[in-house]
Number of protein chains: 2
Amino acid sequence: MKAEDVLKRHGLKATKSRLEVIRVFLDSGGPISHKEIIENSMLRLDRVSVYRIVNAFLKKEIIHNAYSGGRNPLFELTGRGGANHCHPHFSCRMCGKTTCLDGVAFYQKGQLKKGYIAERQKVLIEGLCPKCR
Amino acid sequence: MKAEDVLKRHGLKATKSRLEVIRVFLDSGGPISHKEIIENSMLRLDRVSVYRIVNAFLKKEIIHNAYSGGRNPLFELTGRGGANHCHPHFSCRMCGKTTCLDGVAFYQKGQLKKGYIAERQKVLIEGLCPKCR
DNA sequence: TTTTCAATTGCAACAAAGTTGCATTTATGA
DNA sequence: TCATAAATGCAACTTTGTTGCAATTGAAAA
Ligand SMILES: [Mn+2]
Ligand SMILES: [Mn+2]
Ligand SMILES: [Zn+2]
Ligand SMILES: [Zn+2]
């Protein structure tokens, strides 16, 4: 499906900026930060607009927070290549790079105390990537 | 073991500020932020000093980042009540409160690509707490 | 196509979070 | 007690994120 249609289907205007942000996401090999969106964009995007675009996309679940474990949030397209919002990530403690992992780590019901409702889980494996080992 | 000895064993001076930060951690029911350390302290702690104390404790692994999923990092004592740095947490999407979960979630070796070395994992369950459901 | 108008953007100003340099204070061991 | 390295507090700064508002623009109606 075309990016323009994705936006329209969510009631968002298909602006140049938004289409470019989606292009940057599609182009990226993993979760990216606000700053990386700006740096990898061909358009000159205002910082504030990027924050607003990211927030709009989050609300519609076009993207989701990948929970990097680092100081800045990382985002990725939801549903891309089977990427739901519950897949695990790997973060290298040397180079700081975060990548997607295949498969689904499962939540164990037995661990939750009574009264709590689990809706989703975030799993992060920390360690060393092939380059840094 | 006394807090003073813990500090000295790591080669850190047992200052009033550091002992107070440890007291705040022991007093807390779960992972806490920089701001919460300051707010729950009986002493008047400078913001900068708290950042430096937290960083020193992190380096010595006296505390660790609990991977809250929220915008600010949360920290907790390492090894407290069997709390190693690999236990899962629960975060309520309504009230934002983060609590520790019992048990250990397992990392599945099969998911890691060749060349990657896993050292630890962070697991966060998101949902609703008993108060907010 | 042209007009219209709410949605979106960019800018300025602000707020919150985190860092750095340096002078002063303090814990520790001699 | 004294000397000294480590730690603290303060000021200034950077980075990250938010808000108000005027100008622009996409989309739908005329
Ligand atoms: Mn991913
Ligand atoms: Mn915990
Ligand atoms: Zn690496
Ligand atoms: Zn709650």
Side-chain angles (χ1 to χ4, degrees), chain A residues 2-25 31-60 62-75 96 98, chain B residues 2-25 31-60 62-75 96 98:
Chain A
K2 278 166 64 185
E4 199 172 322
D5 299 325
V6 173
L7 292 174
K8 286 186 178 164
R9 202 150 32 82
H10 284 103
L12 298 174
K13 290 210 308 201
T15 65
K16 285 196 209 326
S17 305
R18 285 177 176 159
L19 291 170
E20 174 63 3
V21 170
I22 291 181
R23 190 199 61 73
V24 172
F25 271 114
I32 54 176
S33 64
H34 290 106
K35 187 182 284 199
E36 286 170 308
I37 292 172
I38 293 168
E39 286 168 353
N40 296 329
S41 169
M42 318 293 256
L43 271 56
R44 199 206 68 89
L45 296 176
D46 186 82
R47 220 166 58 82
V48 175
S49 300
V50 170
Y51 278 98
R52 290 199 269 230
I53 289 171
V54 163
N55 286 339
F57 286 7
L58 283 174
K59 183 140 68 176
K60 300 296 186 178
I62 294 168
I63 61 174
H64 61 268
N65 190 320
Y67 289 86
S68 67
R71 193 148 87 57
N72 302 130
L74 299 182
F75 308 98
T98 298
Chain B
K2 278 165 66 186
E4 199 173 320
D5 299 323
V6 173
L7 292 175
K8 286 186 179 166
R9 204 150 32 81
H10 283 102
L12 298 174
K13 290 208 308 198
T15 64
K16 286 197 206 332
S17 305
R18 285 178 177 160
L19 291 170
E20 174 63 4
V21 170
I22 290 181
R23 190 199 61 73
V24 172
F25 272 114
I32 54 176
S33 65
H34 290 107
K35 190 183 281 196
E36 285 170 307
I37 292 172
I38 292 167
E39 286 168 353
N40 296 329
S41 170
M42 318 292 256
L43 271 55
R44 199 206 66 90
L45 296 176
D46 187 80
R47 220 167 58 82
V48 175
S49 300
V50 170
Y51 279 99
R52 289 199 269 229
I53 289 169
V54 164
N55 286 338
F57 286 7
L58 283 173
K59 183 140 66 175
K60 300 296 187 178
I62 294 168
I63 61 174
H64 62 267
N65 189 320
Y67 181 51
S68 70
R71 194 152 19 70
N72 303 131
L74 299 181
F75 308 97
T98 297

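Heavy-atom basis, side chains included; hydrogens, waters and symmetry copies ignored.
Per the geometry, OH belonging to B:Tyr51 stands 18 Å off P belonging to C:dG21, to the nearest Å. Look at NZ on B:Lys59: it is 10 Å from P on D:dA7, rounded to the nearest Å. Summarising the geometry, the separation between CG on A:Asn55 and C1' on D:dT16 is reported as 13 Å, rounded to the nearest angstrom. D:dT8 atom C1' lies 15 Å from atom CG of B:Leu7, rounded to whole Å. The distance between atom NZ of B:Lys13 and atom P of D:dT4, rounded to the nearest whole Å, is 14 Å. At whole-Å resolution of the value, CD1 in A:Ile38 and P in C:dC11 are 12 Å apart. Atom CG in B:Asp46 sits roughly 17 Å away from atom P in C:dA23 (whole-Å rounding). Straight-line distance from the CG atom of A:Leu45 to the P atom of C:dT8: 15 Å, rounded to whole Å.
OP1 or OP2 of C:dC11 sits under 4.0 Å from a side-chain N or O of A:Arg44. B:His34 has a side-chain polar atom (N or O) that falls below the 4.0 Å cut-off from OP1 or OP2 of C:dG18. Phosphate proximity of C:dG10 to A:Ser49: present, with a side-chain N or O under 4.0 Å from OP1 or OP2. For C:dA17, the OP1/OP2 oxygens have a side-chain nitrogen or oxygen of B:Asn72 closer than 4.0 Å.
Scanning both residues, B:Val54 and B:Ile63, for their nearest heavy atoms gives O-CD1, 3.7 Å. Here the shortest heavy-atom pairing between A:Lys8 and A:Ala14 reads CE-CB, 4.3 Å.
Nucleic acid contact for B:Ser17: sugar-phosphate only, since backbone atoms but no base atoms lie under 4.0 Å from a heavy atom of the residue. B:Arg47 comes within 4.0 angstrom of a nucleotide base, judged by non-hydrogen atoms across all strands. Within 4.0 Å of B:Ala14, counting heavy atoms only, lie sugar-phosphate atoms of the nucleic acid but no base atom. Here B:Arg18 lies in heavy-atom contact (under 4.0 Å) with sugar-phosphate atoms only.
Side-chain to base pairing of A:Arg52 with D:dG17: no donor and acceptor N or O lie closer than 3.5 Å to each other.
In terms of position along DNA chain C, the nucleotide closest to B:Lys35 lies nearer the 5' end than the nucleotide closest to the other residue of the pair B:Lys35 and B:Thr15. Comparing B:Pro73 and A:Ile53 against DNA chain C, the residue whose closest nucleotide sits nearer the 5' end is A:Ile53. Judged by closest nucleotide on DNA chain D, B:Leu12 is the one of B:Val48 and B:Leu12 placed further toward the 5' end.
Remark: the backbone N or O of B:Lys13 is paired with a side-chain donor or acceptor of B:Arg18 at under 3.5 angstrom. The backbone N or O of B:Met42 sits less than 3.5 Å from a side-chain atom of B:Glu20, completing a donor-acceptor pair.
Once rounded to the nearest 0.5 Å, the distance linking CD1 of A:Ile62 with CZ of A:Phe75 reads 13.5 Å.
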